[in-house]
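In what follows, a structure is listed as C-alpha cells, so that the remarks can point back to it.
Lettering follows sequence order; numbering is per chain, from 1. Please read these numbers as outputs of a predicted model, since none were measured by experiment.
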Amino acid sequence: MTSSRPSDSASSIPAYRYTAALAAGIEQRWQNYWQENHTFDAPNPAGPLADPVGVANRSKLFVLDMFPYPSGTGLHVGHPLGYIGTDVYARFKRMQGYNVLHAFGYDSFGLPAEQHAISTGVHPRVNTNANISNMRRQLRRLGLGHDERRSICTTDEEFYKWTQWIFLQIYNAWFDPSISRARHINELIAQFASGKRNTSSGQAWNTMTPAQKSLEIDEFRLAYLSDAPVNWCPGLGTILANEEVTAEGRSDIGNYPVFRRNMRQWTMRISVFSDRLLGDLDRLDWPEPIKLMQRNWIGRSEGARVAFSSSAGAINVFTTRPDTLFGATFIVLSPEHPLVETLCTAEQREHITAYIAQASATTDTDRQDDSRKKTGIFTGSYAINPVTNQPIPIWIADYVLMGYGTGAIMAVPSGDQRDFEFARQFDLQITATQMPTGAWFDQHHFPPSDDCATWPSAFVGEGNYVHSANDTLSLNGQRSIADAKNLMNAWLTERNLGEATVTYRLRDWLFSRQRYWGEPFPIVYDQDGLAHDVPESMLPVLLPELTDFSPQTLDPMDSTSDPVPPLARVTDWVTTTLDLGDGPRTYRREVNVMPQWAGSCWYELRYLDPTNTQRFVDPEVEKYWMGPATDEHTGGVDLYVGGVEHAVLHLLYARFWHKVLHDLGHVSSEEPFHRLFNQGYIQAYAYRDDRGQTVPAEEVTETNGSYTYGNEKVTREYGKMGKSLKNIVTPDEMYDEYGADTFRLYEMAMGPLEASRPWNTLDVVGMQRFLQRLWRNVVDEETGALAVSEDAIPETLLRQLHKCIAGVAADMETLRFNTAISKLIELNNDLTQYVNSGHRTPLSLITPMAQMLSPLCPHLAEEIWALLGHSTSITFEPFPVADPNLLASDTIEIPVQVNGKVRSRIVVLVGASQDDLLAAALSDDKVIAALGGVVPARSIAVVGRLVNFVL
RNA sequence: GCCGGCGUGGCCCAAUUGGCAGAGGCACCAGGUUUAGGACCUGGGUGUUGUGGGUUCGAGUCCCACCGCCGGCACCA
C-alpha cells in the first residue's frame, strides 16, 4: 500500500490530530479496557454463567454471526462486513437496555486444514490453532463487543463431546409419522413389544434374537447405516452430501469429479422432516430468496400415483399432472427400473441390454444434459392407460431417473416438452388434452388446431380440456387445472387405480466422511458387525493422534477406487475393549468421521452455556435466550447474519437437528434462527496484462478511464478478493492506514448491508475526514485540550440534532447503517459550520453525538465520553431519544406546480388546509405569471405536500 | 429454459413508499489558507432515474414488454 500521506513529518501535523496513529492508541487502550472490565459479558439466568441480578428487568437479544472457518490466509476486508454489522446493532441495542448475547467462535474441523496437513506433515490441530489465533488478533483489533467467555471451537474436546452426544440423540430417535414428530427409540421398541406395531417380518417381537431386533430398529433410526448410492469423490478421498456437489457434478470444495456408487454410510433421515422443514419456513423472518431456495431444494411435488397394468403387473408412475392422463400415450421406464427385465420381449432383448449398458456408462450429469439428443428403446410390451383402456407402448429412456418419483413416467407429449421431443423422435402418438389459447398459436405463428401432430411444441398452461372423457369421467370443457386434478384423483382413488400423493426432492443426508479431521462417531461394532452406541459416560470419543498424514494416492478420475479412512490405520484405537453393560468385550470403532456441518448444526446453542459440563445447554438458559416469544413464535436466534452461500447446506441441516432436539424435549425453540439477514459481498477490481496474467491491484493506476501497471496497459475486471486475482486488501492494512473506527465506518457507509459492492480503498479517506472534523470539534488539535462549551445550543442546531436522533435511531433499528452515518455526517457538518463561525461545540450537542456514534465507532466514542468527564464506559449509556416538539416546525415550504412542473414555492403554516394552500398559491406572483390569466381546469392540493394546477 | 434480485450524476449510494430527482462519501472544478505540497475551510451537481409503452393532475417509485448484470434451479415426471 503506497501511502497517500508522504512524510507525515511531525512538524506539519498537529500533535492531536485524529490520525491512524492517534486512533491506534485510543483503540487499543479501549480494547484493553473492555477486556479487563468484561464489558461485553452477558449474564445468564441460570447455570455456570448465572447472574440473575444482571438479567433482571432487561429484554434479551441474541445476535449471531455465521460460524467462520479459520482460514489459513486470514481475513480480507470483505469478511468483517457482517461482523461489524452485528456489532453495531448489538451495541445499539445494549444502549436501549437490552441484555445482548453476542459471541464468536470457530468452525475449526474441516478439509482445508487436513489437506494442509497432508502436504506439510504438520498436525491439523497445530495449523488450525495458529489460524484461529491470527483471526482472533485481526478481529480483536476491530473492536467487536463479543463475550469472550463464550468463544468456542468445534475442535475442542469439550465441544465435540456434545456434538457426539447430539448424534446419539438422533441415533436413538425415530420419526412417528402419525404425529409428525421425532420420538425416543424406546417408545418404538415399546410399540413392537406390546404388539401395537407389527415387525416387518411379522414375527413376534419377544421371539426375535437381539440381532434381529437390532436390525428391525435400525430401519427406523434417524441416523442409520445405508447401502445407498453415494457421491464418491476420489480427488478428496471421501464421499459428499448431495448439497456438496455442484450442478456440474463436481465437488463444492476443490472442484474434483464426483461419481455415483454404492457404499455403506451413515445417513441422516432428514427426508422425513421434509414437510415440517418446508411448512415452518412460513413462520420464519428470512429473506424470501433464501426461503425459495430451501423450498426448491426440498422440492415438494403434489400429484398422483397412477397404476398402469402390464404383463409384468402394475407399473406405478408418479405424475404432477394427473389431469392430463387422457393424453398419456406411452410409458417411459428408467433403464434401472426393476420391471425392465420382465417387460422386454425376446426380439428386443439384445438391443435393450446394449442400451442399458450404454446408459449405465453415462454419468447422471450427462443424462441430465439439456442439449443432448433424446435416446430410448421400445421394450416390445404394452401397458393399459387406465382412463382410456387403450394399450400404450412401454419405452426405456435414460432421461428418466430411478432416483426421482418411481423411476417410471406416463408420457404426455402434448403437455410436456421432454415427452413431446421424445414422441417426435420416435414417431409416437400425441393426443391433445388441453386446447391452447389463441395467443399461444399467434405466438408460434400457427393456425389453431387440436391436432397436435402439427403443433410446434408441447403446450403447458391453462386451456380448455379436450379429448378427456370416458364413460364415467369427463374433464372436457373449461375448468381449472386444480379442479381437473381433483376430479381425476377422486376417480382414480374410487377405482383403486391410484391416489393423490406428495413426493419430495430432498434426499437423506450422507453423514460420514472418510477423513481424519472431524468428530469421531460414538459408535462401535461388535463381533457380529452390529452397531452399538458408546454410552454418554464414555464421551467424548477422542480423535486419536495421527503422525502419518500421507495421502492415499487416489486418481481423481478413478471411480472404482475405494476409500480408506485414515482412522482405519490407527489399529490400537480401532480395536477397543469396552463394557457396554454385559461385561468387557472387544469392539471395533467406526473409522469414518462426521462432516464439517456437524458442529455448525448446533453451535449457537453452546454459545448460550459454553462452560456447562452437565448438559449441552441448560434448559432454562436456552429458554431465556432462544425460547418462543409467543405461542405462534418458533423461537430461535433474534438476528442471524451471514452470506447467502449457506442457503441449503448449513441452514437446512441446522434446522433439522434443532427440530429433533425440540421433539425430544431438549430445547424449547422449534427453529434455530428466527430472523435471518443476508449481508452482501465486498468484491474488488482486479487487473490483467496482455498475457492474461493478473497484476497486483494496488500498484495499478487509473487515468481517464484507462488503467496502467508500470508502463503496461491493463484491463480491469471485478471479482472475489483472492490470491489468484491479486486484489486482496486486509483489515491490518486498514488499521495501519486509517484505524479501526474509520475502517468500521467505511464498511458500514458504503451501502446497505445486504448489497454487494466493490471495495475502493481510495474512498476510505472520506470517513477519516469525517472523524477528524468531529474530533476537531471536541479537541484542540494543537494542545489536546477539550474545546467544548456549556453555552446553550442555538435552536436551529438543536432542531437539526433531534432530527438526526430520530433518523439515526430508526436507521439503526432497521440495519440501515449507511443512511445513519450520512445523517451523523450531516449534523457534524452543521456543527462544523457553527464552530467555524466563532463558536465552541455545545456540550449538550456533543454528548448525544458521542452516544449516537458509539455503536459505529466505539473507541472514538469512548474516548470523547471520557474527555467529557465520564468515568464509566459509554457502552450502557441510553441511546438518545428525539423530542417530538423539536421535530415539528410551525411552517412548511410547499412546491406549487403548473402542469406538473414546479413554478414556485410557498411557505404556509403546518396545518394549512387544501383551501388555504390554493389561496396562498393563487396569490403568489410566480404562480400568477405561470398561469397567465388562464383559469385552471383542475386544482390539486395535497395537505403538507404540494399544489398542482392543470390548465 | 424457469424462478428471484438489481439497473439513479464519472464512482459507491439516498429519496418520507405515488408528490420539489439529491442526504452522505469519493472523484472533479473554482476560491481561501500555505514558501510549496498535503491537510483544512468556502462554494460548485456535472442527469433522457437501462429502453419503449401504459395508468395518473403527477411515476425513480405502480402495470406491461424488452435490454443488461448478479444469484438460484434445470430433461424433477
How would you label the contact of [X] with the nucleic acid (heavy atoms, under 4.0 Å): base, sugar-phosphate, or nothing?
X      : result
A:S939 : nothing
A:N760 : nothing
A:N948 : base
A:Q897 : base
A:R757 : sugar-phosphate
A:I821 : nothing
A:D419 : nothing
A:I825 : sugar-phosphate
A:V942 : base
A:Q294 : nothing

Quiz item: Within less than 4.0 Å of OP1 or OP2 of B:G24, is there a side-chain N or O belonging to A:N818?
Solution: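 No, because none of the side-chain N or O atoms of A:N818 sits under 4.0 Å from OP1 or OP2 of B:G24.
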Quiz item: Partner of B:A14 by Watson-Crick or G-U wobble geometry, both contacts under 3.5 Å, or none?
Solution: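 Base partner found: none.
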Quiz item: Is A:R295 paired with A:D282 through a side-chain N to carboxylate O contact shorter than 4.0 Å?
Solution: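 Yes, A:D282 and A:R295 are salt-bridged.
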Practice problem: Establish, yes or no, whether a centroid distance under 6.0 Å links the rings of A:Y504 and A:W297. | Solution: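 When the ring centroids of A:Y504 and A:W297 are compared, they turn out to be at least 6.0 Å apart.
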Exercise. Name the orientation class of the two ring planes belonging to A:F422 and A:W395 (parallel below 30°, tilted from 30 to 60°, perpendicular beyond 60°).
Key: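 Ring orientation, 0 to 90° scale: perpendicular.
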Exercise. Mind telling me if B:U49 is syn or anti? Syn here is a glycosidic angle within 90° of 0.
Key: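 Anti.
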Practice problem: Please report, rounded to the nearest Å, how far the P atom of B:G22 is from the NZ atom of A:K823. | Solution: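 Interatomic distance, NZ of A:K823 to P of B:G22: 17 Å.
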Practice problem: Would you kindly compare A:E288 and A:T320 by the position of their nearest RNA chain B nucleotide and give the one closer to the 5′ end? | Solution: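 Closer to the 5' end of RNA chain B: A:E288.
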Quiz prompt | Contact summary for A:D741 and A:L856, nearest pair of heavy atoms | solution =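 Closest approach of A:D741 to A:L856, heavy atoms only: OD1-O, 4.4 Å.
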